[in-house]
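Written below as structure tokens is the structure these notes are about.
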Amino acid sequence: MTNAMQTEFLKLRRAIIAEQFKTLNKKQQEAALATEGPLLLLAGAGSGKTTVLINRIANLMLFGSASDTEDVPGGLTDSDIAFLRLYLDNITDPTLREAGEAKAHALCTMHPVRPWEILAITFTNKAADELKHRLEKRLGDEARDIWAMTFHSACVRILRRYIDRLGYDNGFTIYDSADSQSLVKRILTDLDLDDKTYPPRRILGEISRAKDALLEPEAYQAAAEKEGDHRRRKTAEIYVEYAKRLRAAGAVDFDDLLFLTVKLLQTDEDVCRHYQRQFRYVLIDEYQDTNNLQYLFATILSEGHGNICVVGDDDQSIYKFRGATIQNILDFEHQHPGARTIRLEQNYRSTGHILEAANAVIKNNQGRKGKHLWTDQGQGDKLTHYVARNGEDEANYVAQCILTHFGAGGSWSDHAVLYRMSALSNQLEFAFKRNGIPYKVVGGMRFFDYAEIKDVLAYLAVLENPADDLRLLRIINTPARGIGQATVERLREAALRSGRTIYDTIQHPDEVPDLGRTAAKLKTFAALLRDLREKVQDMPLDAFYDHLLDATGYLAMLKEKPDENLARIEHIQELKSTIAGYIDRSEEKTLKGFLDEIALYSDLDSLEAAEAGVVIMTMHSAKGLEFDHVYIVGLEEGIFPGYRSIGDTEEMEEERRLCYVALTRAKQKLHLTSAAQRMLFGRTTANMPSRFLEEIPQDYIEKTGQTRPSYRDTRADIVFDDEAPWATQSEPTKSTAPRYRPTPPRAQSTLPTYQKGDTITHKAFGKGTITALTPMGGDALVEIAFEGVGTKRLMLKAAAQHMEKSER
DNA sequence: ATCATAACGCTTTTT
DNA sequence: GCGTTATGAT
């Protein structure tokens, strides 16, 4: 083949491939087509990161390495090139395009990638699900074999197959953090240690960090013995015992999934080579949130072919507290010489002012790669800053803004309220309830945290793995079977002495001394478990579940107090639909498969998403989401940034990144609020407005409502100097400290008077009749029956802003 | 065993 | 200020 032919072929191939990705912008396209070698993709907020990932994978599947190489397939003929030229010239003609596409693509492909050769890792199940869905939509059924999953799922998949090479049983059980915590608590009592000096959460943090540093319990203990203080040596003791008991129960915890996988890859050449060969392309999402183990996992697996693509945003690294090292993304280019870096800085989400505010804030950080978000969609509205008197005033302000917007035709779910600490959610909830605003709090209690769910799952876990002492002890007397604490102690002692599991021990209770009459009860319980283990083999899982609830008496126990346990019974039922869903979805339909799935899938909120309402959540939970209108509340020194981070540069930079995340959630309108004083943890404090407010150029901010504390408060309150200096001054000085002043007379309100029977029109709810009016401390609670909407109870002062009297 | 009272403590969270 | 948890009394 001549040089000229080659050049022309390459040109045509580039054009034909690019045609598939023409909806992407230049940088996005570059990212999708740079398939070979290490690649760092710095994807700013709202820059279309997931779209790029999808297209990148599509490119791999369609064209293999062709988009990123000058290599030319052998046996190329003149007529092939002529064909490609013709195809490209007529690509706008749908019929010709369709007729020629298969052949054209075949000519342009170089080693197309098979789906299972792609490893695409995310952090959360939600992200993994979204990725899978969009891949299937784009690529069809083939996409199902792509390893698009979370770190932990990928590890489970590898370990289920090969963990025996580390001397573990392949049927291992997975402990969630609650299990880990109870195990540590149990160890603390057994070792006679006080859980105040050794808080289980902190201990688990230490253990987690040890594993992250690839330290086995023994190695950790050796180090602690050599240089550690008393506390550290005890911690090491706990770690040793913790690992021992996990091992005995045939269980691994969340960290072990990664720890053991990395260990397996490092020690077993066979396995390592197998996966290194398999994964031609490795992609890691949210790379700024990875820890050391995850870094090793990704690095080792990509070493076979050297194609590792990490996607992330160093400015959105907000999970240091759970072990993430921003250093992974900062050092990527250093660790991978020859790595290419592509920045996605065009933002498709927010208006100009919002982006500039975010840029201005994050600019104050030192440890960052540097990025500047931009948009071609205009400046948009300015941000607003409202200084509230207190938390209640702040919450009411937010509620009023939302009502106003809703009245103007907006929808509830366009709004999100973000805060630093969930302690701030209460007053918002009250304000929303008062004003009849539907809302949903994200986070908090999760489905699998309910005691009843854990109980039932403990039964299932024990049936699958009888060695699981922890779970067995959870259910041994739930429902009550007359097996009290004393009996349990004797059992544990006997088990420890004989080196057997509790399950084995209760099979022969006569061998346990001092049991007396309870031996019979144990026998009954043991027989029950034996029977259930048999039945679970030959019954469909959902039918077995019903049988389990019945045979154990668990449901009957709840139904003894139906009113009190209403919610619990509902949860138990809901778990059944989870099982049914699993049976529908999955191929293997085994108990083990189900337990695996839920061990790693601990929130069901994707199931109950739909509901429309204002979303209230922490800034952390808001990561990755977007809303037209975003309210960030509690922008005060001590709250955000939190008092623990003040004075610590690294912590402060993390807070600032969190602020950046929060600001960039907004598409249209960004409302910032701070309160001059606030009640928190039972104490009222006066906080300065957050430094982050000062880091935003003041031209981008509009002060709304009161820009100084109100004089209307009934009590003597904190009053500041005239010019609201706390919001504009760059250096807080003593002169801005609050001082006390007597309260000026109350401002006269000019509300129209309402009474029972009046008909009114409300901006949000339409026409209604006042059915009740109860005066309450200067305000009044009105009950209004709205046409079609139902009856709402509103505070008159707040509601009056949004309604007027109408004639009959 | 079940209930009452006191005491504590409290960023952020996924797997 | 509130919710959880530990301890003790009946």
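Letters A, B, ... mirror the listed sequences (proteins, then strands); counts begin at 1. Atom set for the values below is all heavy atoms of this structure, side chains included, hydrogens, waters and symmetry mates excluded.
Note: Phe447(A) and His571(A) have perpendicular aromatic rings, judged against thresholds of 30 and 60 degrees for the angle between ring planes. Tyr319(A) and His620(A) have tilted rings, their planes meeting at an angle from 30° to 60° on a 0 to 90° scale.
Using a 4.0 Å heavy-atom cutoff across all strands shown, Ser645(A) reaches no nucleic acid atom at all. Among the atoms of the strands shown, only primed sugar atoms or phosphate atoms (P, OP1, OP2) are found under 4.0 Å from some heavy atom of Tyr319(A). As judged by a 4.0 angstrom heavy-atom cut-off over every strand, Gln485(A) is placed among residues making no nucleic acid contact. Residue-level contact check: Met619(A) touches neither bases nor backbone, having no heavy atom under 4.0 Å from any strand. When heavy atoms are screened at a 4.0 angstrom cut-off, Phe681(A) is found touching base atoms of the nucleic acid. Heavy atoms of Ser621(A) sit under 4.0 angstrom from primed sugar atoms or phosphate atoms, though from no base atom. Using a 4.0 Å heavy-atom cutoff across all strands shown, Arg201(A) reaches at least one base atom of the nucleic acid. Using a 4.0 Å heavy-atom distance criterion, Asn125(A) is classed as a sugar-phosphate-only contact.
In this structure, Lys263(A) pairs ionically with Glu216(A), as a charged nitrogen and a carboxylate oxygen lie closer than 4.0 Å.
Summarising the geometry, the separation between CG on Leu188(A) and P on dA6(C) is reported as 12 Å, rounded to the nearest angstrom.
Remark: the backbone N or O of Val310(A) is not paired with any side-chain donor or acceptor of Tyr287(A) at under 3.5 angstrom. The backbone N or O of Ala251(A) lies less than 3.5 Å from no partner atom in the side chain of Asp468(A), so there is not a single donor-acceptor pair. Side-chain atoms of Asp393(A) come within 3.5 Å of backbone N or O of Arg389(A) as a donor-acceptor pair. A donor-acceptor pair under 3.5 Å is formed between the side chain of Arg481(A) and the backbone N or O of Ile476(A).
A glycosidic torsion no more than 90° from 0 defines the syn conformation, and dT11(B) adopts it.
Across the C1' atoms, dT12(B) and dT5(C) are found 23 Å apart, a figure rounded to whole Å.
Bracketed by its first and final contacts, the part of DNA chain B lying under 4.0 Å from non-hydrogen atoms of chain A reaches from dG9(B) to dT15(B) in 5' to 3' order.
When each of Glu655(A) and Thr150(A) is assigned the nucleotide of DNA chain B with its nearest heavy atom, Glu655(A) is the one assigned upstream, toward the 5' end. Between Ile483(A) and Leu600(A), the one whose closest nucleotide on DNA chain B sits nearer the 5' end is Ile483(A).
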